[in-house]
Amino acid sequence: MTDTLVATPAETPHCVFDAKDFSSGAHPVWCPGCGDYGVLASLERALAKQGRPPHEVVLVSGIGCSSRLPGYMSTYGFHGVHGRALPVATGLKLTRPDLEVIAVGGDGDGYSIGGNHFIHACRRNVDMLYLVMDNRVYGMTKGQPSPTTEADWDSDIAPGGIGLRPFNPLAVAVASGANYVARGFSGDPNGLADLIVDAIRWPGFAFIEVLSPCVTFRPEQREWKKMVRPSAISIEQDRAAATALVLADDGFSMGVLYRGDRAPIAPALKPEISVADVEREFMVAV
Amino acid sequence: MARTSIAVVFAGSGGSGAMTAGAVFLRAAAHAGYYGMMTQLFGAQVRGGESASLVQVSTAPIETQPDCYDLFVALDWEKVEQFAAEIPLDDRSIILADPAEGPVPAGIAKSKGRVVALAMNDPTENKLARALRGKRVNMFAAGCVCALTGIGDGDAKAAIDTIFDGKGADLIAANAAGATLGAQAAPALALDLWLEPPRKAARWLINGNQAVAFGALRGGVRFVGCYPITPATDLVEWLAPHLIKLGGRLVLGEDELASVNMTLGASYGGTPAMTVTSGPGFSLMIETLGLAVAAEIPFVLVDVMRAGPSTGIASKTEQSDINLAIYGGHGDAPRIVLAPVSVADCVNTGEYAVYVAESLQTPVIVLSDQALGQATTVIDPSSDRPAPLRRRVNGVAPGKPFKRYATGGDPITPMPLPGTPQLEWVAEGLTHNEAGLPASGAAAHVAQIEKRAKKIRQFDPGDHWGEVWGDGDVAIIAIGSTIGPAREAAKRLAASGQKVRVIALRVLSPLPMAALGRALDGVRRIVVIEQNHGAQLYHYLLGHKAIPSSAESVARPGPSPFRPLEIASYVV
């Protein structure tokens, strides 16, 4: 289904960069072994490959371990409040389409407190990337179940398990209108970097769910590296087929799930009137 | 004997056209050269409830609801009783009604006003036939009132042309014919409601919500994130097409959290940005207000106050968000709070808010209220525009790392736009160091809090701080829509020999202590008037020792407007 609007012109790479050009050099707060290191490395590689200089990139995040990421990169950044990365990124990209806007965060930030924004960002289809580092736990507050946590995972706050069906972010993204939906793994930085470049270049709202283990509160996630596998197929255009595929999947198929042909939201119009024209509307002649 | 002003009510059931009748009368009066103001009363129903337009027309500017209405025009009596208590009438009022609509209801009749019969409908037509012909009782009534007050048929016709522009020549002609019939019925009523001739000049017809929006556009706002909420929605509905044609963008967020954060995102990118809401939405935005303080991101937040707490009364006014605006949020989060002093002032205060936000890199709250926002008023064209102020984006001291949040010098530090090479920075809501990196030590925390406090402390609004009228030794302090009735009360008291000065605060926070002190010079008695139960403004002024403990408080909740008589009776 092609719904509406105007295609944006493709941007061509115009510089040569190295991954380290995108590092701020600041030392992350993350635990040794955290999957987010792999995501940071992937993002640096991807941006170097994409070829836009750090000052033309803005990383926007909310709150949580993974939301600290903008501080570790040499780009512009916005580290806002919990759950609101997507609205900030939306306002920024709509007024500054010249910038490469990337929103990042975790599963609690994006699917719980920010869940409403996730749905509506998919609907709006603003041309930007949203990258979620999903470790199925609230790590910064030391181990509470998140929307993607398994129903029976035992924790202090929910003894015996939270008892809720885990949220399926990819299915929600497809159903809500995201134009690019993929899953990556922090343990495969090269593969993830390629996915990020592909997602950035695809028009419209691109969403990548990254499995990024929390070795501190979910040590069993170390096993993920043995469980992930490349996806056999990806779907173009057909949202029903993509939804069926993702609902039948065990959550460990990596790669592009869906790529659509929705044109992103159109840029603002060129001014047609002046403030003086507006002022005249109030005038009552005598 | 000709009068200088008249206050008229057009009332009827929803769909009776009472609002349009009021709009035609007001615009016709403006065409004729009069000042005027129209407010509206609605029931809670979306369609089909009671409705009334309350219109005053005068040879002088109007900024207050009247003590009493001179003329009550009933388009029908179906639901009028439901808001009879909100429309003051007395034995000098004239009640104009069609006997075919039945007897005057008790709630209106108890005023002892003089009932004058006026056949507004053709008695030979049944209701269905009238509906098919197009219900024009309201135009009949508007035309009749124009004629009764001396406003010519040509002015009524001009108003109808404008109000029904685009609805087709047939409809315009039919409405104009209805108004003419009403005008022809006027002389037989033999009522003495003639207005003195006005001092003619081209004026603006504008409501407070439009005025704030227009001011913001003039100040450079080109992004608005918003979510529908009464009584602020009509502000953004007016704004949307204008903003788009000016090359800007209005985004309807999925909630107020999205709206305010989109606004911040746009502002971070360098576009002056605004969000517009009312009490419940403002409450939801408070966390992000703190972020804007901490990360030093400018934006304007317009709160068109309504009766609270919780959902309160969505369509009716109150001034009960003063505490929320000044103090709302956790942590030390100083911000600027402005309050327009009249409908006309909404333009300049809206514009000024943008300049202050941009130049201080901080949120600015514009506290309007429903009574200002939804009062359609005839004003003199806005002049005395505030001097433009811009965001400081250049002038970075050389050296790495770039210290976006540098302390020790001017607290307003350069805020380079994203896209500027070599000056990358992170807008940070965590306590941060000068370079914007998270820091949890005491030194950075204290230094950054002091940096932001200093910005607010050194803010000098100059003449924008407020307004003073009169020089009596009794002072009334007021904000927003209570200023108008306070000024009217002071005029009446002056006429009876008691001089009263009225002090209006345009800058609520930071409190302009020196200017307020000068304004209070020589005053022996202070009365603080506000429309909330908790005396929020009074306690704020008392807490800052801006007024002595002997100052008096007149604080009562909305939604009933303060009327001049109520204030004059207290002060006298």
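Since this is a predicted model, take the numbers as computed values, not measurements. First the proteins, then the strands, lettered A, B, ... as listed; each starts at 1.
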Peer 1: Is chain B contacted by the side chain of A/R68, its backbone, both, or neither, given a heavy-atom distance below 4.5 Å?
Peer 2: side chain
Peer 1: Counting only non-hydrogen atoms closer than 4.5 Å, does B/I379 touch chain A with its backbone (N, CA, C, O), its side chain (CB onward), both, or neither?
Peer 2: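 It is neither, since no heavy atom gets under 4.5 Å.
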Peer 1: I need the residue from A/T95, A/L269, A/V284 with the largest number of non-hydrogen atom pairs under 4.5 Å to chain B.
Peer 2: A/V284
Peer 1: Spell out, as yes or no, whether a donor-acceptor pair under 3.5 Å connects the side chain of A/R84 to the backbone of B/N261.
Peer 2: no
Peer 1: Is there a side-chain contact between A/S74 and B/E424 in this structure, where contact means two heavy atoms from C-beta onward sitting under 4.5 Å apart?
Peer 2: no
Peer 1: Among A/G83, A/G77, A/A276, A/P271, single out the residue with the greatest number of heavy-atom pairs under 4.5 Å to chain B.
Peer 2: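 Among the listed options, the one with the most contacts to chain B is A/G77.
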Peer 1: Could you tell me which of B/P438, B/G429, B/P418, B/P401 has the largest number of non-hydrogen atom pairs under 4.5 Å with chain A?
Peer 2: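 If we count pairs closer than 4.5 Å to chain A, B/P418 comes out on top.
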Peer 1: Might you work through the side-chain contact (heavy atoms from CB on, under 4.5 Å) test for B/Y268 and A/V60, ending with a clear yes or no?
Peer 2: CA-CA 11 Å; B/Y268 174 75; A/V60 182; over 6 Å; no
Peer 1: Rounded to the nearest 0.5 Å, what's the gap from CD on A/E279 to CH2 on B/W204? Could you check?
Peer 2: 4.0 Å
Peer 1: Hey, is the main chain of A/A285 close enough, under 3.5 Å, to the side chain of B/H31 for a donor-acceptor pair?
Peer 2: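 The answer is yes, because a donor-acceptor pair under 3.5 Å joins these two groups.
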Peer 1: A quick test of your reading: do over 12 heavy atoms of other residues, nucleotides or ligands sit less than 6.0 Å from CZ of B/R385?
Peer 2: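 Yes - once you tally the heavy atoms of other residues, nucleotides and ligands closer than 6.0 Å, there are more than 12.
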Peer 1: Would you please say whether a donor-acceptor pair under 3.5 Å links the side chains of B/H242 and A/E281?
Peer 2: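 The criterion, which ignores hydrogens and geometry beyond distance, is satisfied for A/E281 and B/H242.
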Peer 1: Among A/T75, A/T90, A/D277, A/L86, which residue has the highest count of heavy-atom pairs closer than 4.5 Å to chain B?
Peer 2: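 Highest number of pairs under 4.5 Å: A/T75.
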Peer 1: What option among A/V101, A/L94, A/V58 has the most heavy-atom pairs under 4.5 Å with chain B?
Peer 2: A/L94
Peer 1: For B/F214 and A/F282, take the angle between the two ring planes, folded into 0 to 90°, and tell me which bin it lands in: parallel under 30, tilted 30 to 60, perpendicular over 60.
Peer 2: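 Perpendicular, since the angle between the ring planes exceeds 60°.
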Peer 1: Show the nearest heavy-atom pair for residues B/V426 and A/P70, with the distance to one decimal.
Peer 2: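 Scanning both residues completely, I find the closest heavy atoms to be CG2-O, 3.9 Å.
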Peer 1: Quick one: NZ on B/K245 to OG on A/S274, what's the gap to the nearest 0.5 Å?
Peer 2: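 The distance works out to 12.0 Å.
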Peer 1: Tell me if the NZ atom of A/K270 is crowded by more than 12 foreign heavy atoms within 6.0 Å.
Peer 2: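 Atom NZ in A/K270 is not packed in, count stays at 12 or less.
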Peer 1: Which atom names give the shortest non-hydrogen contact between B/G269 and A/L92, and what distance separates them?
Peer 2: CA-CD1, 3.5 Å
Peer 1: Is B/P198 close to chain A through its backbone or its side chain, or both, or neither, when contacts mean heavy atoms under 4.5 Å?
Peer 2: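 For B/P198, neither part sits under 4.5 Å from chain A.
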Peer 1: At what distance, to the nearest 0.5 angstrom, does NE2 of A/H79 lie from CG of B/L291?
Peer 2: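 Nearest 0.5 Å value for the NE2-CG distance: 9.5 Å.
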Peer 1: If you tally heavy-atom pairs under 4.5 Å against chain A, which of B/P421, B/A202, B/G33 wins?
Peer 2: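 That would be B/P421.
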Peer 1: Could you tell me which portion of B/T271 (side chain, backbone, both or neither) has an atom closer than 4.5 angstrom to a non-hydrogen atom of chain A?
Peer 2: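 Contact with chain A: side chain only.
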Peer 1: At a heavy-atom distance under 4.5 Å, which candidate from A/I273, A/V275, A/I119 has the highest pair count against chain B?
Peer 2: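 Ranked by heavy-atom pairs under 4.5 Å with chain B, first place is A/I273.
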Peer 1: Tell me which of these, A/A268, A/S61, A/G114, has more heavy-atom pairs under 4.5 Å with chain B than the rest.
Peer 2: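 The option with the most such pairs is A/A268.
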Peer 1: Has A/Y76 got a side-chain atom pairing as donor or acceptor with B/L417's backbone, closer than 3.5 angstrom?
Peer 2: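 Checked: pair present.
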Peer 1: So what's closer than 4.5 Å to chain A heavy atoms on B/A258: side chain, backbone, both or neither?
Peer 2: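 B/A258 touches chain A through backbone and side-chain heavy atoms alike.
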Peer 1: Looking only at heavy atoms, which two atoms of A/R96 and B/G419 are closest? And how far apart?
Peer 2: NH2-CA, 4.3 Å
Peer 1: Give, as side chain, backbone, both or neither, the part of B/A201 having an atom under 4.5 angstrom from any heavy atom of chain A.
Peer 2: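 Backbone only.
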Peer 1: Donor-acceptor pairs under 3.5 Å, side chain of residues 246-254 of chain B to any protein atom, not counting sequence neighbours: which ones?
Peer 2:
from, atom 1, to, atom 2, distance (Å)
B/R249, NH1, A/A266, O, 2.9
B/R249, NH2, A/A266, O, 2.7
B/E254, OE1, A/R124, NH1, 3.0
B/E254, OE1, A/R124, NH2, 2.6
B/E254, OE2, A/H117, ND1, 2.8

Peer 1: Pick from B/L264, B/L217, B/T420: which one has the most heavy-atom pairs with chain A under 4.5 Å?
Peer 2: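 Looking at each option in turn, the highest pair count goes to B/T420.
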Peer 1: Distance from B/L437 atom CG to A/H27 atom NE2, nearest 0.5 Å?
Peer 2: 13.5 Å
